[in-house]
2 protein chains.
Amino acid sequence: MNTPFSRVASPLLNIPVLKASCAGCSLHQLCLPMGLGNADMDRLDQIIGRGQRIQRDQHLYRMGDPFKNLYAIRFGHFKTCHISNNGEEQITGFQMAGELLGMDAISSDHHHCDAVALEDSEVCEIPFTRLEELFSHIPTLLHHFHRIMSQEITRDQNVMLLLGNMRAEQRFAAFLVNLSSRYLARGYSSTNFQFRMSREDIGNYLGLTIESISRLLSSFRVKGWIAVDKREIQILDLTKLKEIALGGEAALMAKKTGKPAGPATAKT
Amino acid sequence: MNTPFSRVASPLLNIPVLKASCAGCSLHQLCLPMGLGNADMDRLDQIIGRGQRIQRDQHLYRMGDPFKNLYAIRFGHFKTCHISNNGEEQITGFQMAGELLGMDAISSDHHHCDAVALEDSEVCEIPFTRLEELFSHIPTLLHHFHRIMSQEITRDQNVMLLLGNMRAEQRFAAFLVNLSSRYLARGYSSTNFQFRMSREDIGNYLGLTIESISRLLSSFRVKGWIAVDKREIQILDLTKLKEIALGGEAALMAKKTGKPAGPATAKT
DNA sequence: CGCGCTGTTGAGCTTTCTCAAGTTACGTGG
DNA sequence: CCACGTAACTTGAGAAAGCTCAACAGCGCG
């Protein structure tokens with residue numbers, strides 16, 4: 001790794017340098033150029049536009065916008081949300097540094113959701129037509145791109161599993177464990193971090209109300225699994241949370257009654 | 001279109017011809033070779049393996065199987081289901097002729113879900129590494145492949161919206177409308193078709209119990225929106241169903257009370 | 001002809017939502 | 001610097017949607 005930044009370097013260090021460069025980005029092992037040699041990474045760098053700053057609550061793109069670019073998150077956090085026909089919004093994901101935004105737009109040449117910055121963030125603009133040109137010259141890049149799209153599919157299907165099969169407590173535990181492991185992969189603490197999204201966003205994402213999220217936070221706190229202060233969270237018993245996220249029968253037993261699991265469907 | 005089969009040709013006509021051929025397939029405008037010229041379609045045909053028959057309830061692949069091929073459904077129906085760690089299954093989609101199976105496996109070189117035939121079906125085997133080789137020679141094919149993967153992402157996110165935001169009635173209406181439009185796109189009736197999946201499968205997919213599905217069917221029937229006989233369904237008021245699927249406030253009003261919509265979150 | 005599988009219907013119960021009141025933090029203007 | 005207003009969150013009590021359990025009906029199959 002010849003990156004000038006350590007994995008945990010403060011994002012602030014990057015702010016003055018707006019020219020996006022994969023080679024100089026601490027995230028290139030998580031991001032699109034993963035596994036590329038120096039020469040190929042340079043070619044990728046040549047098509048990548050200037051970094052783009054997005055302020056908190058600003059839209060990176062909106063549903064219906066024409067599709068030009070994919071965006072790699074350089075630092076910061078985003079949410080993507082679909083607006084259904086009756087005006088309800090459904091948050092389909094929270095994205096963090098090193099993740100790619102905009103892949104849903106390839107199918108129809110316009111975006112199918114809104115992407116909103118949860119905090120001041122910066123993205124690399126990746127012109128998709130130029131990227132496709134590169135693919136024919138760099139098979140490794142193409143293959144990795146396919147993996148990323150496929151990963152997105154898998155991720156979405158896991159959320160479907162969460163929304164279709166899990167109880168509130170399990171959903172929330174799974175959410176915490178997911179965040180935890182993603183921060184870990186980025187070199188941050190897996191037990192101490194802050195929510196970049198509001199309780200409302202969390203509830204929306206998990207298919208629960210804001211009140212339920214609040215109650216779950218309290219309940220997890222009382223049980224000693226987490227400590228919360230506003231948006232600051234500390235995970236005190238990650239093992240327990242993982243157990244519950246996995247559907248922990250044991251966890252439900254311990255709770256009091258000996259009921260099966262799952263909000264619906266279920267049944268052997 | 002130089003296909004020897006009309007769009008509505010009975011699938012039975014294809015059974016004796018096990019050699020898969022895009023050029024000779026009535027679905028090539030819906031499937032991977034969409035938009036390809038004859039020469040390119042021939043090249044695609046050369047890498048596509050023999051057709052593979054899958055009997056009802058047989059697995060096309062299982063979670064954990066190594067990833068070798070994508071599969072295009074020639075005729076028949078499939079379901080894909082994830083098994084969560086506590087043994088619960090969640091059906092993540094129902095696939096029909098012309099749709100591609102297995103894209104979730106690209107990310108990790110093994111399948112992340114089970115694919116099960118809902119009836120006797122046939123698929124074309126598409127060796128993925130050979131397909132990737134073709135991509136560098138046929139940019140149109142590559143581009144279309146990206147659209148298909150992107151479509152899959154969009155589809156999954158719509159299901160997330162369904163599971164996260166919709167009431168039982170709305171979910172079920174959306175499900176019926178979705179099936180209807182997919183049959184329409186394939187040249188079949190949009191109002192008369194049969195469920196290839198059990199009530200249990202429908203319930204699992206929609207995050208509801210089998211009893212709820214049964215009640216919804218009855219309720220829709222009583223209201224005169226559909227007629228049902230076992231797995232045969234006739235849609236009598238597609239407009240109404242679409243209205244409800246879209247979150248129809250009007251529909252909810254008419255129902256009796258004047259409540260807002262959405263099972264959770266919501267609120268302006 | 002009876003068994004098993006799938007689906008239907010009913011009654012009561014659990015989970016989570018809804019509504020409402022109250023708290024805390026924070027930015028704005030006096 | 002403080003009062004105020006707003007936004008975000010918390011907590012409680014009651015309501016409702018949909019689940020669980022249970023009984024039963026229809027159909028296919030051995």
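Reminder, nothing fancy here: chain letters follow the sequence lines and each chain counts from 1.
Residue A/Ala168 has its side chain nearest to C/dT16 when only D/dC9, C/dT9, C/dT16 are considered. The side chain of B/Ile210 has C/dG7 as its nearest neighbour among D/dT20, C/dC17, C/dG7. Taking every side-chain heavy atom of A/Thr209 into account, C/dC17 is the closest of C/dA11, C/dC17, D/dT10. With C/dG7, C/dT16, D/dT10 as the candidates, the nucleotide lying closest to the side chain of A/Ser214 is D/dT10. In the set D/dA8, D/dG12, C/dA25, C/dA25 carries the atom at the smallest distance from any side-chain atom of A/Lys230. Among C/dT9, C/dT18, C/dC17, the nucleotide with an atom closest to any side-chain atom of A/Ser212 is C/dC17.
When the C1' atom of C/dT9 is taken as reference, atom CD1 of B/Ile213 falls 15 Å away, rounded to whole Å. Straight-line distance from the CG atom of B/Asp201 to the P atom of C/dT6: 10 Å, rounded to whole Å. Atom P of nucleotide C/dT24 and atom CG of A/Leu217 are separated by 17 Å, given to the nearest angstrom. Between A/Phe172 atom CZ and D/dT10 atom C1' there is a gap of 13 Å when expressed in whole angstrom units. Rounded to whole Å, atom C1' of C/dT6 lies 14 Å from atom CZ of B/Phe195. A straight line from CD of B/Glu232 to P of C/dT6 spans 19 Å, rounded to a whole angstrom. Protein atom CZ of A/Arg221 is 9 Å distant from nucleotide atom C1' of D/dT10, rounded to whole Å. The nearest whole Å value for the distance from the CD atom in A/Glu211 to the P atom in C/dC17 is 8 Å.
The only member of A/Phe193, A/Phe195, A/Tyr183, A/Phe94 that meets ring pair (Phe, Tyr, Trp, His ring centres under 6.0 Å) when paired with A/His77 is A/Tyr183.
A/Glu89 is not listed as a side-chain neighbour of A/His82, based on a closest heavy-atom distance of 4.5 Å or more. Contact of the A/Met96 side chain with the A/Ile73 side chain is not registered, since no non-hydrogen atoms from C-beta on lie closer than 4.5 Å. Inter-residue side-chain proximity for B/Asp120 and B/Arg53 is flagged as unmet; no heavy-atom pair is nearer than 4.5 Å.
Contact of A/Arg171 with C/dT15 (side chain to base): no donor-acceptor pair of N or O atoms is detected under 3.5 Å. Between the side chain of B/Glu200 and the base of C/dC5, no donor-acceptor pair under 3.5 Å is found. You won't find any donor-acceptor pair under 3.5 Å spanning the side chain of B/Arg231 and the base of C/dG7, going by distance alone.
Taken to the nearest 0.5 Å, the CG atom of A/Leu246 stands 8.0 Å off from the CE atom of A/Met166.
In this model, the phosphate group of D/dA7 is not approached by any side-chain N or O of A/Ser198 to a distance below 4.0 Å at OP1 or OP2. When the side-chain nitrogen and oxygen atoms of A/Arg199 are compared with OP1 and OP2 of D/dT10, one or more of them lie within a distance under 4.0 Å.
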